[in-house]
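Let me begin by presenting the structure, written as structure tokens, before commenting on it.
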Amino acid sequence: MRKLLCPQCKIAGLYVKNERKERLLVYVSDEGEVVPRNLEENMEGFDLTIVYCLGCSWSGSPKRLVRR
């Protein structure tokens, strides 16, 4: 699986949040699918429409991520 990158700092490490502001570490595949870093984790209740970069202050739609 190829991972999409943050358009600002070009890293693949991202996270999503739920209503309680808890974080779940994720990647976004080159097909645009949000995938948990630990495949055993449950993504239920997390907002997958906005991803947050672990390396900088960027956040936005997974569709705005870039390829290498």
Side-chain angles (χ1 to χ4, degrees):
M1 170 184 76
R2 295 197 73 130
K3 299 170 186 161
L4 295 180
L5 307 174
C6 169
Q8 187 167 302
C9 70
K10 307 296 190 265
I11 68 165
L14 305 164
Y15 64 92
V16 291
K17 293 182 183 178
N18 64 12
E19 290 177 352
R20 297 185 303 227
K21 305 295 183 210
E22 296 170 324
R23 296 180 177 188
L24 176 66
L25 300 177
V26 297
Y27 295 116
V28 177
S29 74
D30 57 352
E31 294 150 4
E33 180 183 1
V34 179
V35 180
R37 183 177 280 179
N38 179 355
L39 296 176
E40 297 172 0
E41 293 199 61
N42 185 355
M43 296 194 320
E44 187 175 328
F46 285 89
D47 179 5
L48 305 181
T49 62
I50 300 175
V51 292
Y52 301 85
C53 180
L54 287 170
C56 68
S57 62
W58 184 86
S59 65
S61 169
K63 295 176 184 178
R64 294 184 53 210
L65 297 173
V66 297
R67 289 180 166 72
R68 281 201 170 146

How close do [X] and [Y] get, heavy atom to heavy atom, and via which atoms?
| X | Y | result |
| --- | --- | --- |
| L4 | R67 | CD2-CG, 3.6 Å |
| P62 | T49 | CD-O, 3.3 Å |
| S59 | I50 | CB-CG2, 4.4 Å |

Quiz item: Hey, does the side chain of R64 reach the backbone of P7 with a donor-acceptor pair shorter than 3.5 angstrom?
Solution: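 No; judged by distance alone, with no hydrogens or angles, the pair does not exist.
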Quiz item: If only atom types and distance count, is the side chain of K21 paired as donor or acceptor with the main-chain N or O of N18 below 3.5 Å?
Solution: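 No, the answer is negative, given that no donor and acceptor are paired below the 3.5 Å cut-off.
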Practice problem: Tell me, yes or no, whether the heavy-atom count around R2 atom CZ, taken from other residues, nucleotides or ligands under 6.0 Å, exceeds 12. | Solution: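 For R2, atom CZ is not crowded (no more than 12 foreign heavy atoms under 6.0 Å).
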Same hydrophobic cluster for [X] and [Y], using side-chain heavy-atom links shorter than 4.5 Å among ILVMFWY?
| X | Y | value |
| --- | --- | --- |
| Y27 | V34 | no |
| Y52 | L54 | yes |
| L65 | L25 | no |
| L14 | F46 | yes |
| L48 | W58 | yes |

Quiz item: Under the side-chain contact (heavy atoms from CB on, under 4.5 Å) criterion, do V35 and M1 qualify, and how do the steps go?
Solution: CA-CA 10 Å; V35 180; M1 170 184 76; 4.2 Å; yes
